Amino acid sequence: MPARKTLRLATFNVNGIGTRLPHLLAWLEREQPDIVALQELKALDEAFPVGALEEAGYGAIWQGQRSWNGVALLARGSVPVESRRGLPGDGEDTQSRYLEAAVHGIVVACLYLPNGNPQPGPKFDYKLAWMERLITHTRGLVDLPHPVALIGDFNVIPTDADVYDPKSWRKDALLQPEVREAFERLLAQGWTDALRKLHPDETIYTFWDYFRQHFQRDRGLRIDHLLLNPPLAKRLRAAGVDRWVRALEKPSDHAPTWIEVTAPAAPRKRAKAD
DNA sequence: ATGACGGTGTCGCACCGA
């Protein structure tokens, strides 16, 4: 593959890899992302379409689970080199929500943060505990000298500007003060919210629920995020949402969300020993 | 206060998501 000046990283909650494979392949073909994080595979490991993705030019690693959750990382023209499977901090946690790998010179964490509804309740407690585990783990990632990205479905509406009607969502787990505060603490480690950084005043949505024609009426949420450590944030050039995927027949409720960065220098070849 | 839509498997109901 010829060297490229830029890399495109994207996150896409597919809401069922089995049902959504045709959309995924059409999107890969049209947009040619270099690094892709997928969430909500809703499939066992053995049902992951590794062959179809290989034919499309992508190597993959994945962490499946029956019916729910499930995450994967794809790399155009290579295979992600796995560095972590599962978020540390709770040996009892069996939900497939975190996968981390080196891809095209970037450490990429693909995450599917718990939804947390209904709140209050055990699911909300699990969400908050998961966020604390994430914050603990990412402390060791943000200051690395090389590029690092945390990308995925965070299930966090960061501010009221990120939801079409804050009032109708005010009891929802996605915008509770404790959740927003935890997200703020994560960012305060030194992560850049890429979409917001490049489009500070724009209304940006990445999710529209299936009810009441919310996509057609553009009543959405911004909950899929790409967070960049300082070495990667310096390389940020563009960001957007591939809304056309949400407009297809039988779509996921999320749209692919992407950034473009200046490609890190190719790893220097080691001087030949003599 | 509820449910709307859509995915999954236990498969036409129940559960989950956001």
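Order of the sequence lines sets the chain letters (A, B, ...), proteins ahead of strands, with each chain counted from 1. Since the structure is predicted, the reported quantities are computational estimates derived from the model, not experimental observations.
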For B/dC5 and B/dC11, measure between their P atoms and round to the nearest Å. 24 Å

Distance between the P atoms of B/dA14 and B/dA1, in whole angstroms? 24 Å

A/Arg217 CZ to B/dC5 C1', in whole Å, measures 14 Å

Sorted by first residue and then second, give each side-chain hydrogen bond (donor to acceptor under 3.5 Å, both in side chains) pair with at least one member in residues 232-243 of chain A; sequence neighbours left out. A/Trp27-A/Asp242, A/Asp218-A/Arg243, A/Arg237-A/Thr262, A/Asp242-A/Trp258

Students often get this wrong, so: under 4.0 angstrom with heavy atoms, is A/Ile223 touching a base, only sugar-phosphate, or nothing? sugar-phosphate

Step by step, would you call A/Leu134 with A/Leu186 a side-chain contact (heavy atoms from CB on, under 4.5 Å)? CA-CA 8 Å; A/Leu134 180 66; A/Leu186 174 66; 4.1 Å; yes

Would you indicate what A/Lys123 reaches in the nucleic acid, counting non-hydrogen atoms under 4.0 angstrom: base, sugar-phosphate, or nothing? sugar-phosphate

Distance in angstrom units between A/Gln65 CD and B/dT8 P, rounded: 14 Å

So A/Asp253, base contact, sugar-phosphate only, or nothing? Heavy-atom distance under 4.0 Å. nothing

Rounding to the closest angstrom, what is the interatomic distance between B/dA4 and B/dG9 at atom C1'? 22 Å

Which is true for A/Asn117 with a 4.0 Å heavy-atom rule: it touches a base, it touches only sugar-phosphate, or it touches nothing? base

Does A/Tyr112 reach a base, just sugar-phosphate, or nothing at all? Heavy atoms under 4.0 Å. sugar-phosphate

Integer-rounded Å distance: B/dC16 P and A/Tyr126 OH: 14 Å

Would you indicate what A/Asn13 reaches in the nucleic acid, counting non-hydrogen atoms under 4.0 angstrom: base, sugar-phosphate, or nothing? sugar-phosphate

P spacing across the pair B/dC15 / B/dT2, given as an integer number of angstrom: 16 Å

Under 4.0 angstrom, heavy atoms only, what part of the nucleic acid is A/Asp172 near: base, sugar-phosphate, or nothing? nothing

N-O pairing of A/Arg222 and A/Asp193 below 4.0 Å: yes

Should A/Tyr210 be counted as stacked on B/dG6, where stacking needs a ring-centre gap under 5.5 Å and an angle between planes under 30 degrees? no

Length of the CZ-C1' vector between A/Arg20 and B/dC5, whole Å: 12 Å

Rounded off to whole Å, could you give me the CZ-to-C1' distance for the A/Phe207 and B/dC5 pair? 10 Å

Whole angstrom value for the distance that separates C1' of B/dA4 from CH2 of A/Trp169: 12 Å

If you pin A/Gly18 and A/His254 to their nearest nucleotides in DNA chain B, which one's is more 5'? A/Gly18

Distance in angstrom units between A/Asp209 CG and B/dG6 P, rounded: 11 Å

Output the rounded distance in Å from NZ (A/Lys42) to P (B/dC11). 18 Å

Please tell me which of the listed nucleotides, B/dT10, B/dA4, B/dC5, lies nearest to the side chain of A/Arg66? B/dT10

Does A/Arg212 have a side-chain nitrogen or oxygen under 4.0 Å from the phosphate oxygens OP1 or OP2 of B/dC5? no

Using a distance-only test with no angle check, is there a side-chain donor-acceptor pair under 3.5 angstrom linking A/Arg76 and A/Gln32? yes

For B/dT8, take OP1 and OP2 only and decide whether either is under 4.0 Å from a side-chain N or O of A/Thr19. yes

Donor-acceptor side-chain pairing of A/His214 and A/Asp209 below 3.5 angstrom: yes

Fit a plane to each ring of A/Trp208 and A/Phe215, take the angle between them on a 0 to 90° scale, and name the class: parallel (under 30°), tilted (30 to 60°) or perpendicular (over 60°). perpendicular

How far, in whole Å, is B/dG6 from B/dT10 if one measures between their P atoms? 23 Å

Take atom C1' in B/dG7 and the same atom in B/dG12, then report the distance between them in whole Å. 14 Å

